[in-house]
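The block underneath contains the structure these notes are about, expressed in structure tokens.
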Amino acid sequence: MRIAQHDLAIYHFFRMMQFGVCYYPEHWPQARWAEDARLMRAAGLEMVRIGEFAWAEMEPAPGKYAWEWLDQAIETLAAAGLKLILGTPTATPPAWLTQAYPDCLRMDSNGRYRQHGSRRHTCPNSPTYRYESRRIVAAMAQRYASHPALIGWQIDNEFGGGKTARCYCPHCAAAFRVWLQARYGSLADLNEAWGTVFWSQRYSDWAQIQPPGSQIDKPNPSHELDYYRFCSDSYVAYQQTQIEAIRPYAPHQFITHNFMGLFRDLNQHDLAAPLDFAAWDNYPTGNPERWRLMLYPPGMDTRRTDPTYAYDVGDPIITGMAHALTRGLKQAPFWVMEQQCGHINWGADNPGIRPGTPRLWVWHAVAEGASAVVYFRWRATLYAHEQYHSGLLRHEGRFDAGWHDQQTLLAEKGLLDAVAAQPYSAKVALLFDFDDTWAIQLQPHRADFGYLRHLYVYYHALQQLGVAVDVVSARADLRPYRLLIAPTLHLAGPETAARLQAYMAQGGTLLLGVRSGFKTPSNLVTAAPLPGNLRPLVGAQITSWQSLPDGVSWQVETAVPDLGGAVGYWVETLAPETAGALAHYVNEEAQGLVALSENRVAHGRVLYLGWYPTHAQAGALLRYLLPQLGIAHLEELPAGLLAIPRGPYTVLLNFTDQPLTAQIGAQPLTVAARDVRVVG
Ligand code: GAL
């Protein structure tokens, strides 16, 4: 049960932008800690995150706790005036634990148990691991929750990182069956929901159901989607075990988790629900390497980050979308719990970071709604897996690029606080749904059709127009938004349809894209005419759909400026019922058929765009819709320049190596290379 004091305390954390750093006192001699703490304060850091990988140091032998070093580290940091965030150490259990209880280990889909020596090698459904996790976390909470310097907790570290979202061990197989029984009640219902009549899959005993992954060819997509959901729910339950171990001791402290931006393997909306606020780990040069493959438009060179940007800044639109998704988890300010401040060690190449770039990243995070930025890490480590990773201090202890930028940020802290105090208020939201992501991932129908790629088209277009945008679940509070864009609302169940119907009653505009309303929640194609449950909203039927090969296109004619012309990749034709038409196909295959419909519903309207737009077409459609909705936008910004509105301020960020000029209000404004300018 949360108390009012707790809510007040959380509010306090968001009043001013705060800086912190991730620190591993156990990696350095105790004699050094006081000097580190002094330097942290000199850098204007107010908080330190510690502890998240130190289980073996806290409990070197079963039940034999060794708290003295941690007591001492906390006292030293607190004495310097630093506040503390304690990470629970469950991503890295001691070797004795998995030796004594090998059933804690996770199993991959080839039936191989993963071993000690790295991290995240345990199973969230192992009863022993749950017990042991609860035990160490409760012991920490009991010992430290009353410490006046402790402000909050981070549960575990990056759930699902290193491709660990899905375990295939016997505990998971058993728990999956229980999960299925709760979801479907009977085998008859499960057989129907999964379409097991196909290929003789019918199950006559729950014990026949295994985790998917070891089949010849692909598993049944309904079976697999349910496994993805189950694995995600397993982490939600595992996290809850830890929350419940902490809360009774620490009702006045926050509890969060460090998410991973556009990471898709676990449902971040569900994981974030019981947390006080969301946080994520921002590695701008590393993440685009992972994500551009699933975001950059078809035909673009995905082997390298968009060369528009300076070589050491990453891709700010990808980073921005991750900020937006994290902000959307709670529709509230968030933290960057790990902020890259120099080179990393896990990219294909890991360039040195030039002065000015860390400052750009921090400003970007704050402009997007981060109320705290915690650098990763304090000092480059001398040993083990991350020797080549940088920190604010170099290996030998001298200051690195991030440290110097932090001095500049301190000098402009007043302006950072002023921007952070303004609400990030978006009138446009992109609907994002993990079940839809997974369903499309399991059956893309065109190898490069990606759910997030489709979302990114609109996100990118909105960034180029300088329009604030949230990325939220359909379960979010939709009242703030005048325009809702659901590029692929794929598994649209009756509940989602009802929520959107309610959104119509408030006068909202909903823009739906291809493949919406196509499936049932159990991942079967709907037997109803398309778009299934969304048909009353759309006021039209989808009469055909297909993915076109590269080089083949259809032609669209429309009165909407710059929207028509060649379209490809994925096309659908519409037959309006109550809707009107805003665009038609004029190619032979679909001559005269509707390509974009518009339907009045209650006080609102629903548009259905029957093809997969290019970035330019999405921009054209937005330039048509935004003025109708009274949402201001800029003229298209030069590539590499972002303009983020925050109340009376606009934060301009230049991610290129040239000065760039934008028209903001009456004045042309120039922003120097890799620089920030705040106007307003
Ligand atoms: C993060 C992780 C940290 C550290 C960092 C290195 O993903 O949470 O523990 O490994 O990467 O960049």
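Start at 1 and go down the list; that is how both ligands and their atoms are numbered.
- Applying the salt bridge (Lys or Arg N to Asp or Glu O under 4.0 Å) test to every pair with at least one member in residues 346-363, sequence neighbours left out, gives these pairs: Asp312-Arg354, Arg354-Asp657, Arg359-Glu412, Arg359-Asp675.
- Applying the side chain to side chain contact (heavy atoms under 4.5 Å, CB included) rule to Ala332 yields the partners Lys330; only residues at least two apart in sequence or on another chain are considered.
- Side-chain atoms of Asp315 and Tyr296 form a donor-acceptor pair, as typed in the model, at a separation below 3.5 Å.
- Within 4.0 Å of ligand 1, protein heavy atoms come from Phe53, Arg119, Asn157, Glu158, Asp281, Tyr283, Glu338, Trp346, Phe376, Glu386, His389.
- Using bins of under 30°, 30° to 60° and over 60° for the plane-to-plane angle, the ring pair His257/Phe159 lands in the parallel bin.
- In summary, of the residues considered (Glu338, Gln340, His389, His27), a side-chain hydrogen bond (donor to acceptor under 3.5 Å, both in side chains) with Arg377 occurs for His27 alone.
- Residues passing the salt bridge (Lys or Arg N to Asp or Glu O under 4.0 Å) test with Asp156, sequence neighbours excluded: Arg120.
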